[in-house]
Amino acid sequence: MAWFKKQKGNGPPTSPRSKSVEGMWLKCNHCREIVYRKEVDRNNKVCPKCEYHFPISVSERIALLTDLGTFKEWDANVEPSDPLEFTDSRSYRDRLKSQQEKTGRKDALVIGEGTINGRRAVLAVFDFGFMGGSMGSVVGEKFCRAAEKAKAGNLPLVLVTTSGGARMQEGILSLMQMARTSAAAAKLGEARVPFVCILADPTFGGVTASIAMLGDVIIAEPKALIGFAGPRVIEQTIKQQLPDEFQRAEFLRDHGMVDMIVERKHLKESLSTLLSHLS
Amino acid sequence: MRDYLEFEKPLREIEEKIEKLAAAGSPKHSVQEELRKLKTRLAQEEVELYSKITPWQRTQLARHAQRPSVLDYVNSFCRDFQELHGDRAFADDRAIVGGFARFNDQSIMIIGHQKGRTLKERMERNFGMPNPEGYRKALRLMRLAEKFRRPIITFIDTPGAYPGIGAEERGQAEAIARNLFVMSRLAVPIISVVIGEGGSGGALALGVADRVLMLEHSIYSVISPEGCAAILWDDPAKVPDAAATLKMTAEDLYKLGVIDEVIPEPAGGAHRDPDTAAKRIAKSFTTHLSHLMDLTPEQLLATRDEKYRKMGVVLELTVQKI
């Protein structure tokens, strides 16, 4: 046995110090400036240079929108299965398992109830960290349950999206979730229960082309990328460079696709005022 | 001579021989005998070839340039087709056609993707890839049908909704979402049939229905096999694997409970014998329509609602309280 076995990674061992220094700084996804991480954290994870809103976790989102300690999660035990027995370079089951270990969640949507400035509301929040927030059967099922409970209790439904779209590994069944969730939104509408969507960075594909665009009121976070087709697909199709700020929240607002752009620091207040008008 | 796909080569060789012999027109008994033998062989080869057809080969059949389109079918089993144009807001999208027609003496609304056949026509119709105004035209026509209590039949055949700058500017996602939203609650019977390619959200935007049918060699998928291979394998050679893995054939979808019926195609595909294909589709419509027309609007909506509410497979651990 070789006593000089090479270390994996081949490079010099990284000192703990260099790692922590690296972690102190952050490159903004939008303006590409290097910014001080603590300053971003203190600022609701908003870039101090360009006001880009960095993605936040589900728990941060819930803490941002609901009154402290009021949120109760529902149906956390609904799990995905593998109806297609899907395998590419890795099996879907394997992927699910590692994503579940990483996130501590069964799938990409958290639903529950909490109060927003004292007003009861149902929340559904996508977790981009779980397979890119992709929508499969579990996301569809849980959205339907959230909508049904909102309808039964006459409580407004607030949906926060961050998603790459439909979950390929569930094939046609993931496509059908678009129909299923849109049908749930339609029934909510017939019952005149308010449905508000908050679109965060990024929201694409089958999620945009279903529930994200169906809110009575649609709010977007500043600079969030929102669209149907991904920018690379469009570029490859039309063989042209895309205009600056294409598919940013401001672009959507200017084209009449979202009602308002609200900065994170005002989001709870705006939502609360809006809900007071709707319910 | 018909258009052959790569995998149909063995058939092409036999058919070429038959054509040569037949053209010679020899009355000799031996030649006639040979012709008869070749024709039997052709039929056998055909049965064999299509009995073990792969999902990727099916995809090629589903996209076949000669495959009958919605307008072919409408002209074959409907009368009095009146095409209606435009979304009343922006434009008339020629990738989607629609209008009233008479089927078995019943006035119905027909809507479908139209890819076009010649290159010129394909360009005009954007290869069957609608822009938002196409979906909004479809929505306008569906609402018109509901207003006058006419059943709706949609024909699905699209690579997908068009990914372009204008499409995004005018709200491609919203247009698709709105169709799903409205179709789920339209108070008239809706039947959808996938006749070729069911390309993702752009197909589903015409496909929320009480009955969803598929022609035997059509496909319906959340992503094209090419797109899937590029994203998950990063390897174009994996396209046939992606086609199989995605479970996108009519048979697969029937097993998954997503569609209600597979309509068998004539040997070699609908383009080989469009009349037979049309007759089978018409027969299926007649059966489903007669069932759906018997339901009250309330029953219709409740059944449709239940159908979509159940769509999906999840596991749930329930803890029993003692």
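Reminder, nothing fancy here: chain letters follow the sequence lines and each chain counts from 1. We use all heavy atoms of the structure for the numbers below, so side chains are in, but hydrogens, waters and symmetry mates are not.
For B:S221, the part lying near chain A is the backbone, with the side chain staying farther off; criterion is any non-hydrogen pair under 4.5 Å. Of the atoms belonging to A:F204, not a single heavy atom falls under 4.5 Å from chain B. B:M311 touches chain A through backbone and side chain together, each having a heavy atom under 4.5 Å away. Residue contact with chain B, scored on non-hydrogen atoms closer than 4.5 Å, involves the side chain of A:M257 exclusively. Interface remark: B:V313 contributes backbone and side-chain atoms alike to the contact with chain A (heavy atom separation under 4.5 Å). Heavy atoms of A:E148 lying under 4.5 Å from chain B belong exclusively to its side chain. Only the side chain of A:F246 has a heavy atom closer than 4.5 Å to any heavy atom of chain B. Proximity to chain A is absent for every atom of B:L301, based on heavy atoms less than 4.5 angstrom apart. Residue contact with chain B, scored on non-hydrogen atoms closer than 4.5 Å, involves the backbone of A:T87 exclusively. Heavy atoms closer than 4.5 Å to chain A are found in the side chain of B:L253, but not in its backbone.
Looking at heavy atoms from C-beta onward, B:I165 lies in side-chain contact with A:L242 at the 4.5 angstrom threshold.
Contacts with chain A (heavy atom to heavy atom, under 4.5 Å) involve these residues of residues 190-201 of chain B, listed by number: B:S200, B:G201. Using a 4.5 Å heavy-atom cut-off against chain A, no residue of residues 133-147 of chain B qualifies as contacting.
For the side chain to side chain contact (heavy atoms under 4.5 Å, CB included) with A:I172, the qualifying choice from B:L256, B:V222, B:L246 is B:L256, the only one to do so.
From A:S174, atom OG reaches atom CD1 of B:I223 across 9.5 Å, with rounding to the nearest 0.5 Å. Considering CD1 of A:I234 and OH of B:Y162, their distance stands at 9.0 Å, rounded to 0.5 Å.
Salt bridge status for A:E141 with B:K310: absent, with no side-chain N to carboxylate O gap under 4.0 Å.
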